[in-house]
Amino acid sequence: MQKEKIEGIRKQFFVDLETAGNEAELFDLEKKYLGRKSEFTEIMKSLGSLSAEDKKVVGPLANGARKEISDAIEVKRTALRNKGFDFESEKIDITIPGNKRGAGHLNPISLIVNDIQDIFTAMGFEVSDGPEIETEFYNFDALNIPEHHPARDMQDTFWLKQAAKNKKNGSEERLSMRSQTSAAQVKYMEQHTPPFKIIVPGKVFRSEATDSTHEHTFYQFESLVVGENINVGNLKFVAQEFFSLLFKQDVKVRLRPSYFPFVEPGFEFDITCTVCHGKGCKACRYGGWLELGGAGMVNQNVFEAAGYPRGKYTGFAWGFGLERLAMMKYKIDDVRLFHSGDLRFIRQF
Ligand code: FA5
């Protein structure tokens, strides 16, 4: 009796299965045939009341049919799912190389600042900075450049309309875009006691006509080393070490006498041409040397402006043009390219 019933359910199930056209209908079918209130569940429950002999026949039969129904539902479910899926158009070829995401490029000035900072911090220098808008005091007065002295015009300064109050005597003070990173010297010294060694990379501004070697906005990097026994030999050694590491070749340094009010003695600073190694070529105009910037021993008047006792310390300082360094390192022939915003230029680095 139970045997026929099971067979009847099984047959009916396969008829119903044919008509299930989507997953929701299949779910209903599953509930109807295998759910808690299904005839099957009833049969399973009634197994206990059967004789041992009937149990042996009906039990496996019911379990077999139940498994058959459950498997058929799973097969149909997979078939229904796949029916709505276009394998051809959804096929992914995982061997195709991925789309390359364009990464930004660092301006060669940033690259060279990073190199410089690495080299100097490895030599125990601190990296410092200062504001780009600076008072007349730090950019000129404190650097031993007297009022009305022509040296104030040496660097054609962008003066601002606004003024600031001098923090020492309260008088009105002119403000300018700093024309040299040397402006950071006295500011740092006011807050630090020697010995110290710093570099100050930063942007400076000059009201200049531009050409292939002159910009109105460019970068300098200042170095200031102060202690009780610093001499020109130290200046030359540190500079030579630095340039040899930066250009990855043996670089020689030459100091020529020059004048900057904030150093005494003052020098014009040259290095052997990194292209021809001093033999003479187009890059160095066949002289074998490249002019990089100014340098010298800190003038005692500058120490005095910073509040240091006169004669107690000695120190050296230099200020080099960063664009000029980058031009040599990366063989760039026009300084105006750095800030041109031309992506064709930037993408090469
Ligand atoms: C100075 O600015 C001094 N402050 C340097 C100094 C520091 C001397 C410490 C002594 C002690 P100068 O004006 O020469 O010096 O500028 C230094 C370097 O900046 C130049 O050699 C050059 O490499 C770079 N430079 C100057 N003007 C321009 C410009 N218009 N465009 C690009 N680079 C420039």
Side-chain angles (χ1 to χ4, degrees), residues 108-109 112 116 128 130 134 138-145 150-158 176-189 197-226 230 232 234-236 238-239 243 246 253-271 274 284 289-303 305-306 314-329 332-340:
I109 294 293
I112 209 148
I116 289 172
S128 187
E134 193 48 280
Y138 289 111
N139 202 46
F140 292 111
D141 301 341
L143 292 173
N144 193 37
I145 308 174
R152 238 168 247 235
D153 304 323
M154 262 165 60
Q155 300 158 358
D156 302 298
T157 312
F158 284 116
S176 69
M177 304 305 290
R178 70 171 171 196
S179 61
Q180 50 186 348
T181 44
S182 302
Q185 285 191 16
V186 168
K187 218 165 208 171
Y188 184 89
M189 289 197 270
K197 34 190 201 280
I198 60 166
I199 56 161
V200 187
K203 210 186 265 178
V204 298
F205 310 82
R206 293 184 192 179
S207 174
E208 282 196 28
T210 58
D211 60 27
S212 64
T213 53
H214 293 88
E215 258 290 11
H216 50 72
T217 301
F218 58 98
Y219 282 78
Q220 285 188 335
F221 105 85
E222 194 83 4
S223 173
L224 179 66
V225 175
V226 180
I230 306 296
V232 180
N234 299 135
L235 189 177
K236 214 171 163 186
V238 173
F243 284 114
L246 183 71
V253 162
R254 180 173 78 175
L255 303 174
R256 284 178 290 117
S258 184
Y259 173 71
F260 296 94
F262 31 97
V263 285
E264 180 55 39
F267 307 105
E268 224 31 92
F269 190 102
D270 304 332
I271 61 168
T274 53
C284 59
W289 295 91
L290 295 162
E291 193 182 309
L292 276 189
M297 300 306 294
V298 180
N299 192 309
Q300 290 297 326
N301 290 345
V302 175
F303 285 146
T314 55
F316 72 73
W318 72 55
F320 299 144
L322 273 183
E323 278 79 358
R324 304 241 169 116
L325 272 184
M327 284 166 86
M328 270 187 271
K329 190 163 159 92
I332 297 163
D333 61 5
D334 195 319
V335 71
R336 291 166 294 193
L337 286 166
F338 289 102
H339 309 295
S340 63

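In listed order, ligands and their atoms are each counted from 1. Counting begins at 1 with the first residue of the sequence. Heavy atoms only: backbone and side chains are in, while hydrogens, waters and symmetry mates are out.
A heavy-atom separation below 4.0 Å is not found between Phe269 and ligand 1. Residue contacts with ligand 1 include Glu222, since one of its heavy atoms falls under 4.0 Å from the ligand. Contact between Thr213 and ligand 1 is present, with at least one heavy atom of the residue lying under 4.0 Å from the ligand. Heavy-atom distances between Ala295 and ligand 1 reach below 4.0 Å in at least one pair. Ligand 1 does not have Glu323 within reach: every non-hydrogen atom of the residue lies 4.0 Å or more from it.
Contact detail for Phe158 and His216: the closest heavy-atom pair is CE1-O, 4.2 Å. Residues Ser176 and Asn139 approach most closely at OG-ND2, 3.9 Å, considering heavy atoms.
Taking every non-hydrogen atom of Gly293 and a distance limit under 4.0 Å, the qualifying atoms of ligand 1 come out as 21 (O). Each of the atoms 1 (C), 2 (O), 16 (O), 17 (C), 18 (C), 19 (O) of ligand 1 lies under 4.0 Å from some heavy atom of Gln220. The atoms of ligand 1 that sit less than 4.0 Å from any heavy atom of Gly321 are 18 (C), 19 (O), 23 (O), 24 (C). Set against the non-hydrogen atoms of Glu208, the atoms of ligand 1 under 4.0 Å away are 30 (N). Residue-ligand proximity, Ser182 to ligand 1, at heavy-atom distances under 4.0 Å covers atoms 4 (N), 7 (C), 9 (C).
Both the backbone and the side chain of His214 come within contact range of ligand 1, each with a heavy atom under 4.0 Å. Only side-chain heavy atoms of Phe262 come within less than 4.0 Å of ligand 1; its backbone N, CA, C and O stay farther off. For Thr181, no heavy-atom contact with ligand 1 is shorter than 4.0 Å.
Taking CE of Met328 as the start and CG of Leu290 as the end, the distance is 4.5 Å to the nearest 0.5 Å.
For the pair Asn299 (side chain) and Leu143 (backbone), a donor-acceptor distance under 3.5 Å is absent. With Glu323 contributing its side chain and Tyr219 its backbone, the two residues share a donor-acceptor pair below 3.5 Å. With Thr314 contributing its side chain and Ile230 its backbone, the two residues share a donor-acceptor pair below 3.5 Å.
Judged purely by distance below 3.5 Å, without hydrogens or angles, the side chains of Glu222 and Gln185 pair a donor atom with an acceptor atom.
When each of Met177, Gln180, Arg178 is paired with Arg206, the side chain to side chain contact (heavy atoms under 4.5 Å, CB included) condition holds for Gln180 and for no other.
The aromatic rings of Trp318 and Phe221 sit perpendicular, their planes meeting at an angle over 60°, well past the 30° parallel limit.
Of the listed residues (Gln185, Arg206, Glu215, Met297), the one carrying the non-hydrogen atom nearest atom 2 (O) of ligand 1 is Arg206.
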